[in-house]
Amino acid sequence: MASAPRLRFAPSPTGYLHVGSARAVLFNWLVARQTGGEMLLRIEDTDTERNRPELVDNILEVLDWLDLRWDGEPVHQSQRIDLYREAADKLVASGHAYWCDCTPEQIQARAKKRGGPPGYDGFCRSRGLQSGPGTALRFRTPDDGVTAFEDLVRGPVEFPNASLEDFVLLRSNGTPTFLLANLVDDADMGITHVVRGEEHVNGTPKYLLIGEALGLGYRPVFAHLPVLVNEQRKKLSKRRDSVSVADFRAEGYLPEALVNYLALLGWGPKDGVEIRPLAEIVEQFRLEDVTQSPAFFDVKKLRHFNAEYIRALDPEAFVERARPFLSHGEATVEVLEPVAELVRDRVRLLTEVEPMVDFLRVDEVAIEDKSWQKDVVKHGERAVAMLDATIERLGTCGWERDAIEAALHAAAAEAGFVNDEGHPQMSKAQAPVRAAVTGRSVGPPLYESLVVLGRDRTLERLRQARARL
RNA sequence: GCCCCCAUCGUCUAGUGGCCUAGGACACCACCCUCUCAAGGUGGCGACACGGGUUCGAAUCCCGUUGGGGGUGCCA
């Protein structure tokens, strides 16, 4: 009886979770959800030197934010060391592994002297060394033959064993390396699909060889995803590129938008519909359809997706999602609520909300120099007339949207902002008013904004601007 | 050096021998709509890296070249 697929995401806590890893999780998760299988989480923390336990929290937290949940409890390799040592012992006993006391310097020096390819030369293969301080355990790779495997995204892959060096299984401090722990755990956890980054392709024959030597009869299905690259077409790196998922969260991206976008890197739905519910992606996703070429992470397109997702929110939900990004809390929420829909349609990031409505909250608005020049000073006498007429009309009109609109139309006509047919030219006439009241050239629709601002504060700002002229 | 891989608009992709004078999306440009800005509408710019084959026919298959990437660690 075939059991349900088991996938795994196996990060090492050596850095914050970045978008490349997030995509790897997503693809694993998609397969798990689609097949009714499981996605397990395994923390690969065998390298005690670089390991930063506090980063595990970041990884878990980010996965939770993305809503890409794992099944069961996370497995920590650091708590399973005995398992790997046991496997190592078996390999020594069967002659598949041997102890080596060469230092990296010695290995390098010999390679240089030899003039050939760098890498370990098998120096200790037949020295019969015993385990001891300063000795690492190496795997004896076959000298001939090939190791082949089937890859869902790249098809059949073959490696000549002669190109494989005798790699380290156990460090001289006794800790297992990635290859050993990875294989042992995948087999032990019953992982059926290994879906991971392309950078692991070359290590796969070694992984397989360990399994064979152990007599495990274990053979998962592989899928190596093309790497994500930056504008220089280099693999995304945490050092060079700012690609931490937590940073995107802080910038005001919605997890749904990020996940949707990530799904489209290296894969596309047959019908070409890009922005769609995750459930549909789960249904349509196929590892076999994943592209083999690297993909550039395009923030501009992500931003567009984000704007679309924000616009799809209903006003109440929008306010809730924006809430964590409002540094003045309830005071901002109060002024945002009446214009929530108008603001929601104009922001691409949640961090853009506050600057857009701040003029409604503050007591005194600072007018940006650029706006003052462009929208007021440049219009000269007509701007003066517009401000005067507006102060006049808004002082007495009713204080609701339509009344305000009518008042501004009348003021525009009075100030001479009219076209050939005598209709008010509001695109120009509103500029001085907007600048005076909001301090900026762009923002939410003016009439609705004034309703929220209130008559007193509106008039006060208009008078102050007028006084500057 | 050696091993592995990739190659369609600027970017993400559709395309699996004829439906392709190559489709969509983002970006960009123009116009329309319009109280600013968005959104929306219309149109535009824009690609099969190159050279050989195979075939009646190639973006699609094969070989080579060029370009790019990944790996080559007592990192994962």
Side-chain angles (χ1 to χ4, degrees), chain A residues 10-15 44-47 49-51 100 102-104 107 111 115-120 134-138 154 157-160 162-165 167-179 181-182 196-205 224 226-227 229 231-235 261 264-275 291-305 307-308 311 342-348 356 371 375 405 408-409 412 424-431 433-435 438 440-449:
Chain A
S12 71
T14 51
E44 309 225 316
D45 51 358
T46 57
D47 186 357
E49 306 283 308
R50 289 158 232 252
N51 196 24
C100 163
C102 298
T103 64
I107 295 170
Y120 187 66
T135 64
L137 187 67
R138 285 184 184 274
R154 350 183 96 208
V157 184
E158 256 190 31
F159 285 88
S163 71
L164 271 22
E165 278 116 39
F167 55 94
V168 170
L169 258 11
L170 247 33
R171 301 185 184 91
S172 52
N173 68 5
T175 58
T177 57
F178 164 73
L179 260 356
N182 206 239
R196 49 167 22 170
E198 184 195 0
E199 63 270 23
H200 293 295
V201 176
N202 290 264
T204 303
H224 288 103
V227 291
V229 297
E231 41 285 291
Q232 280 83 238
R233 292 262 131 199
K234 301 271 188 206
K235 186 172 80 158
Y261 175 67
L264 266 26
L265 255 23
W267 177 81
K270 293 287 180 222
D271 60 12
V273 179
E274 298 189 320
I275 296 181
T291 325
Q292 305 185 49
S293 38
F296 170 67
F297 186 87
D298 186 358
V299 184
K300 281 188 178 164
K301 187 155 181 172
L302 203 214
R303 221 180 274 137
H304 173 260
F305 274 38
E308 294 267 7
R311 265 183 251 120
L342 300 173
V343 172
R344 170 256 259 161
D345 290 347
R346 287 170 170 74
V347 294
R348 293 177 303 176
M356 197 171 281
S371 298
D375 301 322
E405 176 176 24
L408 284 172
H409 278 216
Q425 287 182 300
M426 295 315 294
S427 63
K428 286 179 181 162
Q430 59 91 39
V433 178
R434 177 181 292 281
T438 74
R440 312 173 77 188
S441 299
V442 301
L446 190 56
Y447 314 141
E448 286 83 353
S449 298

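From a predicted model like this one, the values you see are computed outputs, not experimental measurements. Because only heavy atoms are used, hydrogens play no part in the values below, and waters and symmetry mates are left out as well, while side chains stay in. Labels below follow one simple rule: chain letters A, B, ... track the order of the sequence lines, proteins then strands, and each chain is numbered from 1.
No N or O donor and acceptor, one from the side chain of A/Glu198 and one from the base of B/G71, sit under 3.5 Å apart. Side-chain to base pairing of A/Arg233 with B/U11: no donor and acceptor N or O lie closer than 3.5 Å to each other. Side-chain to base pairing of A/Thr177 with B/C74: no donor and acceptor N or O lie closer than 3.5 Å to each other. For A/Arg346 and B/C37, a side-chain-to-base donor-acceptor distance below 3.5 Å is present, hydrogens and geometry of angles not being considered.
Comparing atom distances between the A/Leu265 side chain and each of B/C12, B/C35, B/C4 picks out B/C12 as nearest. Distance from the side chain of A/His304 is smallest to B/C26 among B/C26, B/C35, B/C4. The side chain of A/Ser172 lies closest to B/C74 when the candidates are B/C74, B/C35, B/C3. Which of B/U72, B/C74, B/C6 sits closest to the side chain of A/Arg138 comes down to B/C74. For A/Ala295, the side-chain atoms get nearest to B/C12 when compared with the rest of B/U11, B/C12, B/C3. The side chain of A/Lys234 approaches B/G69 more closely than any other nucleotide in the set B/G69, B/U11, B/A76. Considering only side-chain atoms of A/Ser293, the nucleotide from B/C12, B/C35, B/A7 that sits closest is B/A7. The side chain of A/Arg50 lies closest to B/G73 when the candidates are B/G73, B/G70, B/U36.
Straight-line distance from the CD atom of A/Glu165 to the P atom of B/C2: 14 Å, rounded to whole Å. If you take CG of A/Asn202 and C1' of B/G73, they are 14 Å apart, rounded to a whole angstrom. One interatomic measurement links the two molecules: CD of A/Glu199 to P of B/G73, which rounds to 16 Å at whole-angstrom precision. If you measure from atom CD of A/Gln430 to atom P of B/C35, you get 9 Å, rounded to the nearest angstrom. Put simply, CE on A/Met356 is 11 Å from C1' on B/U36, counting in whole angstrom units. In this structure, the CZ atom of A/Arg344 is 13 Å from the P atom of B/G40, given to the nearest Å. Taking atom CH2 of A/Trp267 as the reference point, atom P of B/G24 lies 19 Å away to the nearest angstrom. Taking atom CZ of residue A/Phe159 and atom C1' of nucleotide B/G71, one finds them 8 Å apart after rounding to whole Å.
Rounding to the nearest 0.5 Å places CG of A/Asn202 at 9.0 Å from NE2 of A/His224. Summarising the geometry, atom CG belonging to A/Asp45 is positioned 5.0 Å from atom CG belonging to A/Asn51; distances are rounded to the nearest 0.5 Å. Atoms NZ and CG, on A/Lys301 and A/Leu265 in that order, are 9.0 Å from each other to the nearest 0.5 Å. With values rounded to the nearest 0.5 angstrom, A/Lys300 atom NZ is found 9.5 Å from A/Arg348 atom CZ. Taking CZ of A/Phe296 as the reference point, atom CZ of A/Arg233 lies at 8.0 Å (rounded to 0.5 Å).
Base pairing of B/A59 is not made with any nucleotide, judged by Watson-Crick or G-U wobble geometry with both donor-acceptor distances under 3.5 Å. Under the Watson-Crick or G-U wobble criterion, with both distances below 3.5 Å, B/C35 is left unpaired in every strand shown. Across all strands shown, the partner of B/A7 is B/U66, judged by Watson-Crick or G-U wobble contacts whose two distances both fall under 3.5 Å. For B/A14, there is no paired base (Watson-Crick or G-U wobble, both distances below 3.5 Å).
The two residues A/Val343 and A/Pro444 make their nearest non-hydrogen contact at CG2-CG, 4.4 Å.
Using a 4.0 Å heavy-atom criterion, one finds that A/His200 contacts the bases of the nucleic acid, with or without backbone contacts as well. No engagement by A/Lys428 is indicated, since no non-hydrogen atom pair under 4.0 Å with the nucleic acid exists. At a threshold of 4.0 angstrom between heavy atoms, the contacts of A/Arg311 are confined to the sugar-phosphate backbone, with no base atom among them. If you check every strand for non-hydrogen atoms under 4.0 Å, A/Gly266 touches sugar and phosphate atoms only. Using a 4.0 Å heavy-atom distance criterion, A/Pro444 is classed as a base contact. Among the protein residues, A/Arg154 comes within range of the sugar-phosphate backbone only, with heavy atoms under 4.0 Å from sugar or phosphate atoms but none that close to a base. Base contact: A/Gly443 has a heavy atom under 4.0 Å from a base atom. Nucleic acid contact for A/Phe167: none, since no nucleic acid atom lies under 4.0 Å from a heavy atom of the residue.
For A/Lys301 and B/A27, the shortest distance from a side-chain N or O to OP1 or OP2 is not below 4.0 Å. Between A/Thr46 and B/A76 there is a side-chain polar atom (N or O) within less than 4.0 angstrom of OP1 or OP2. For A/Gln292, no side-chain nitrogen or oxygen approaches OP1 or OP2 of B/C5 to under 4.0 Å. At B/G10, none of the side-chain N or O atoms of A/Lys300 fall inside 4.0 Å of OP1 or OP2 (strictly under the cut-off).
Checking A/Thr291 against A/Ser293 by side-chain atom types alone, no donor-acceptor pair falls below 3.5 Å.
The C1' atoms of B/C26 and B/G46 are separated by 13 Å, rounded to the nearest whole Å. Distance noted for atom P between B/G52 and B/U60: 14 Å (whole Å). To the nearest whole angstrom, the two C1' atoms, one in B/G17 and one in B/C12, are 26 Å apart. On the P atoms, B/G51 is 23 Å away from B/C56, given to the nearest whole Å. B/U55 and B/A59 have their C1' atoms separated by 16 Å, with the value rounded to a whole Å. Nucleotides B/A49 and B/G68 are separated by 16 Å at their P atoms, to the nearest Å. Between B/G10 and B/C2, the distance separating the two C1' atoms is 35 Å to the nearest Å.
Using a 4.0 Å cut-off between charged nitrogen and carboxylate oxygen, A/Arg154 and A/Glu198 count as a salt-bridge pair.
Between the side chain of A/Arg346 and the backbone N or O of A/Leu342, at least one donor-acceptor pair lies under 3.5 Å.
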